[in-house]
Participant: 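Quick one: this structure, given as structure tokens, is what I'll be asking you about.
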Amino acid sequence: REEAEATLLGALAIQRQTGNRHYEGLSLHLLATLHGERGRPDEAEKALEAAESIAVELGDRVLRATVLTGRGRAHAGKDEQERAVACYEEALAIYSLLDDGGMTALNLCNLARSLVAVGRQAEARDRWDEGIEKSRKYIDPRAIAELQQAMDDACARAGIPPFPSKPPA
């Protein structure tokens, strides 16, 4: 991970020198992911804020949605679930406009977990079912199993029964 961070910081320096703002934003998003995995939420948030500023400056909807998804994960990781819900909902609106089924599916599942955490189980169940249904078209079965495990964990923390995936229609 030290090597990954050093590589990203080197890439950021080059991107800044050459004025490649799009890839600078993507690299900041990846750097934020590394910071989050290393338990450095404040550094992750700072990188995500910078990445989102670039996305807005460029009018880059894909980058903005990507960063919003990252911000949702960061907020969820800090148990700021209402903020996570807002980020996931905004990312979902963009991905829906872009007709990106895979990222729509992933964000629906992320949103469902955060909705469980804030006690909105009925809405969470609807988003979960929709996300899993879409996931079957766009996401690898192993990734779906990971999503299911994350949802099971969220339900356990909330003290509610798990939301199993409905069988394919």
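No experiment lies behind these values; they were computed from the predicted model shown.
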Participant: Do Y95 and I144 share a hydrophobic cluster, counting only Ile, Leu, Val, Met, Phe, Trp and Tyr and linking them when any side-chain heavy atoms are less than 4.5 Å apart?
Facilitator: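 Same cluster.
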Participant: Looking at CG of L147 and CH2 of W128, how far apart are the two atoms once the value is rounded to the nearest 0.5 Å?
Facilitator: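 So the CG of L147 and the CH2 of W128 are separated by 5.5 Å.
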Participant: Following the transitive rule for hydrophobic clusters with a side-chain heavy-atom cut-off under 4.5 Å over Ile, Leu, Val, Met, Phe, Trp and Tyr, establish whether L108 and M151 coincide in one cluster.
Facilitator: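 In one cluster: no.
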Participant: Kindly compute the distance separating OG1 (T33) from NE2 (H29), expressed to the nearest 0.5 Å.
Facilitator: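 Answer rounded to 0.5 Å: 4.5 Å.
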Participant: Would you say L31 and L58 are hydrophobically clustered, going by side-chain heavy atoms of ILVMFWY under 4.5 Å?
Facilitator: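 Per the 4.5 Å side-chain linkage, L31 and L58 are co-clustered.
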Participant: Locate the shortest heavy-atom distance separating Y88 from A76; write the atom from each residue and the value.
Facilitator: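 Smallest interatomic distance, heavy atoms only, reads OH-CB, 4.2 Å.
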Participant: Are any side-chain N or O atoms of E45 and backbone N or O atoms of H75, one a donor and one an acceptor, separated by less than 3.5 Å?
Facilitator: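 Looks like no, no N/O pair under 3.5 Å.
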Participant: Determine the minimum heavy-atom distance between G25 and A51, stating which atoms define it.
Facilitator: O-CB, 3.5 Å
Participant: Could you tell me which non-hydrogen atom of A91 sits nearest to which non-hydrogen atom of T69, and how far apart they are?
Facilitator: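 Looking at all heavy atoms of both residues, the shortest contact is CB-OG1, 3.7 Å.
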Participant: With a 4.0 Å cut-off, would you call E37 and R73 a salt bridge?
Facilitator: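 Salt bridge: no.
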Participant: If you look only at pairs with a residue in residues 90-107, which of them pass as a salt bridge (charged side-chain N to carboxylate O under 4.0 Å, His left out), with sequence neighbours excluded?
Facilitator: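 Every salt bridge (charged side-chain N to carboxylate O under 4.0 Å, His left out) pair that includes a residue of residues 90-107, provided the two are not neighbours, is R64-E90.
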Participant: What is the distance from atom CZ of R120 to atom CG of D126, rounded to the nearest 0.5 Å?
Facilitator: 11.5 Å
Participant: What are the two closest heavy atoms between I94 and R61, and how far apart are they?
Facilitator: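 Heavy atoms only, the tightest pair is CG2-O, 3.5 Å.
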Participant: Just how far is it from atom CG of D60 to atom CD of E57, taken to the nearest 0.5 Å?
Facilitator: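 Here the interatomic distance stands at 10.5 Å.
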Participant: For the residue pair S135 and L106, establish whether any side-chain heavy-atom pair is separated by less than 4.5 Å.
Facilitator: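 Of all side-chain heavy-atom pairs linking L106 with S135, none is under 4.5 Å.
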Participant: Would you please test F163 and I132 for side-chain contact (heavy atoms from CB on, under 4.5 Å) and show each step?
Facilitator: CA-CA 11 Å; F163 291 178; I132 288 299; over 6 Å; no
Participant: Over all heavy atoms of both residues, which pair between P164 and R125 is shortest? Give the atoms and the distance, please.
Facilitator: O-NH2, 3.1 Å
Participant: Hey, quick one: are L48 and L26 part of the same hydrophobic cluster, counting side-chain heavy atoms closer than 4.5 Å, chains of contacts allowed?
Facilitator: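 Looking at the clustering, L26 is in the same group as L48.
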Participant: Could you walk me through whether E49 and K46 satisfy the salt bridge (charged side-chain N to carboxylate O under 4.0 Å, His left out) test, starting with their C-alpha distance in whole Å, then the side-chain angles of each, then the deciding distance to 0.1 Å, before giving a yes or no?
Facilitator: CA-CA 5 Å; E49 286 173 6; K46 184 178 175 183; over 6 Å; no
Participant: Walk me through whether E2 and R38 qualify under salt bridge (charged side-chain N to carboxylate O under 4.0 Å, His left out).
Facilitator: CA-CA 10 Å; E2 294 294 326; R38 291 176 151 182; 3.2 Å; yes
Participant: Got a second to check how far N110's CG is from L115's CG, nearest 0.5 Å?
Facilitator: 11.0 Å
Participant: Less than 4.0 angstrom from a charged side-chain N to a carboxylate O is my criterion; do E24 and R21 meet it?
Facilitator: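 Salt bridge between E24 and R21, a charged N being under 4.0 Å from a carboxylate O: yes.
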Participant: V67, L92: one ILVMFWY side-chain cluster at the under-4.5 Å cut-off?
Facilitator: no
Participant: Minimum heavy-atom separation for A117 and Q81, please, with both atom names.
Facilitator: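 Between these two residues, the closest heavy atoms are CB-CG, 3.4 Å.
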Participant: To the nearest 0.5 angstrom, please state how far the OG atom of S114 sits from the CZ atom of R127.
Facilitator: 13.5 Å
